[in-house]
Amino acid sequence: MSTATAEALESLEIQGVSKTFITHKSPVPALSATDLSVRPREFVSLLGPSGCGKSTLLRIIAGLTKATDGQVSINGREVTGPGPDRGMVFQAYTLFPWRSVLRNITFGLEQQRRRKPDARKVADEYIDLVGLRGFENSYPSALSGGMKQRVALARALAADPEVLLLDEPFGALDMQTRESMQDLLRKVWERTRTTVIMVTHDIDEAVLLSDRVVVMTGRPGVIQEIIPIELPVERTGQTRLSEEFMRYRRKATLALHGQPVDEA
Ligand SMILES: Nc1ncnc2c1ncn2[C@@H]1O[C@H](COP(=O)(O)OP(=O)(O)O)[C@@H](O)[C@H]1O
Ligand SMILES: [Mg+2]
């Protein structure tokens, strides 16, 4: 957006990243050696059943979990911990309950020591973008689940990350709210073109939103298939009803079951 300040994403490379959790009982292999290149400005989904290591991979990219082997690098720099170049939104609502909507959204900007009027201006843009005008002074406890996730999205984007990491961001929402949030996220992405990596177990969500769907299976997780989604850039509720959408849906379903998708 016009207020962008961070350097743009040039490359995000996941190279030979694996993870085995060491627990007091026995080691838990969560992720097999994984390679993936994420392209600047693309929307990538990590799609797979529960327990296949999606969150583990996302948390390694976020720098919240340490890989057992391999490395993640962003613009050629190895990830060694969390940083402002990566914004996160989780399924669980993680707003600061003691801060208003506005001050939740300016949080990252305050961390970056942006001047108050400046931060306000940036926050205002995102408040409009996610449709929260009129709720600037509300507190999280007064908001619905969908609205809380709008704030979380605005907060993450306002800090102008190079890559936005989403872990089942709509997982706790009812079906209808979930669909409208998917449409909102797509619209926001079309405007900002921030690189997105989103974890989901919802096939429709992955197909609707992504440029590429990375299908993961197994325990420990492996990349089963990468499906490029060549639906029109502008996607709406109608897209869900198109033949093309159904075809991609079928491909992703086959991949999830470990079947060949070529002729699908
Ligand atoms: N902190 C942890 N300690 C031990 N095992 C873990 C930990 N986090 C995840 N796991 C295990 O790693 C595997 C992958 O988990 P996760 O990445 O959360 O899967 P997903 O997000 O695909 O549902 C699971 O078997 C899970 O139980
Ligand atoms: Mg998960």
Side-chain angles (χ1 to χ4, degrees), residues 12-36 38 43-72 74 79-82 86-95 145-146 148-149 152-153 156 161 163-175 177-178 181-182 185 195-210 212-227 249 251-259 261:
L12 194 160
E13 298 290 336
I14 296 161
Q15 292 163 317
V17 166
S18 69
K19 179 68 184 182
T20 298
F21 287 101
I22 305 303
T23 67
H24 62 281
K25 283 193 206 141
S26 54
V28 180
L31 188 65
S32 310
T34 299
D35 297 303
L36 182 69
V38 176
F43 195 124
V44 177
S45 288
L46 306 177
L47 171 69
S50 176
C52 76
K54 306 180 297 296
S55 295
T56 300
L57 179 54
L58 197 76
R59 290 176 59 85
I60 291 171
I61 300 168
L64 296 169
T65 296
K66 228 174 126 38
T68 305
D69 263 312
Q71 61 165 29
V72 175
I74 296 177
V79 166
T80 53
R86 283 148 292 151
M88 278 211 75
V89 178
F90 300 92
Q91 175 178 334
Y93 310 130
T94 52
L95 302 179
K148 284 181 193 166
Q149 288 307 66
L153 192 59
V163 52
L164 184 61
L165 306 174
L166 308 175
D167 194 349
E168 311 246 13
F170 311 138
L173 304 175
D174 62 84
M175 188 64 176
T177 309
R178 190 176 178 130
M181 287 299 291
Q182 291 164 356
L185 176 58
T195 309
V196 175
I197 307 176
M198 179 181 74
V199 162
T200 183
H201 62 258
D202 182 324
I203 298 173
D204 288 17
E205 181 166 280
V207 170
L208 182 76
L209 295 174
S210 312
R212 288 192 298 158
V213 175
V214 176
V215 179
M216 294 175 64
T217 55
R219 271 182 201 229
V222 292
I223 294 180
Q224 176 75 29
E225 190 80 44
I226 298 181
I227 306 176
R249 198 180 186 289
K251 274 195 180 191
T253 308
L254 286 172
L256 280 171
H257 291 105
Q259 290 169 21
V261 299

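We count ligands from 1, going down the list as the structure has it; atoms in each ligand are counted the same way.
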Polar proximity ligand 1 side, V28 side, N/O cut 3.5 Å exclusive: no
N/O separation below 3.5 Å, A30 to ligand 1: no
Numbering as shown, the atoms of ligand 1 that approach [X] to under 4.0 Å (heavy-atom distance):
{"X": "P49", "result": "22 (O)"}
{"X": "R219", "result": "25 (O)"}
{"X": "T56", "result": "14 (C), 15 (O), 16 (P), 17 (O)"}
{"X": "T23", "result": "4 (C)"}

Top protein contact for [atom], by heavy-atom distance:
{"atom": "atom 6 (C) of ligand 1", "result": "F21 CD1, 3.3 Å"}
{"atom": "atom 18 (O) of ligand 1", "result": "S55 CB, 3.8 Å"}
{"atom": "atom 19 (O) of ligand 1", "result": "G53 N, 3.3 Å"}
{"atom": "atom 24 (C) of ligand 1", "result": "G51 O, 3.9 Å"}

Atom pair CG (L31) and CZ (R59), whose distance is rounded to the nearest 0.5 Å: 13.5 Å
Value rounded to 0.5 Å, distance of CD1 in I14 from CD1 in I60: 9.0 Å
Got a donor-acceptor contact below 3.5 angstrom from the [X] side chain to the [Y] backbone?
{"X": "K148", "Y": "L95", "answer": "no"}
{"X": "R86", "Y": "A62", "answer": "yes"}
{"X": "S45", "Y": "L47", "answer": "no"}
{"X": "Q149", "Y": "P169", "answer": "yes"}

Region of R59 that comes within reach of ligand 1 [heavy atoms, distance under 4.0 Å]: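 For R59, no heavy atom sits under 4.0 Å from ligand 1.
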Which atom of I223 lies closest to which atom of T34, heavy atoms considered: CD1-CG2, 3.6 Å
G48 to ligand 1, any heavy atom closer than 4.0 Å: no
Test item, P220 contacting ligand 1 (heavy atom, 4.0 angstrom):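 P220 does not count as a contact of ligand 1 under the 4.0 Å cut-off.
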Note, R249 side chain near D204 side chain (heavy atom, < 4.5 Å):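 R249 vs D204: side chains touch.
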Under 2.8 Å: N/O/S of S55 next to the Mg ion (ligand 2): yes
Qualifying residue for side chain to side chain contact (heavy atoms under 4.5 Å, CB included) with L46, from L166, L57, V215: L57
Sub-4.0 Å protein heavy atom next to atom 27 (O) of ligand 1: no
Is_contact(atom 2 (C) of ligand 1), protein non-hydrogen, under 4.0 Å: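 Yes.
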L12 vs V163, side chain to side chain contact (heavy atoms under 4.5 Å, CB included): CA-CA, chis, key distance, verdict: CA-CA 9 Å; L12 194 160; V163 52; 4.0 Å; yes
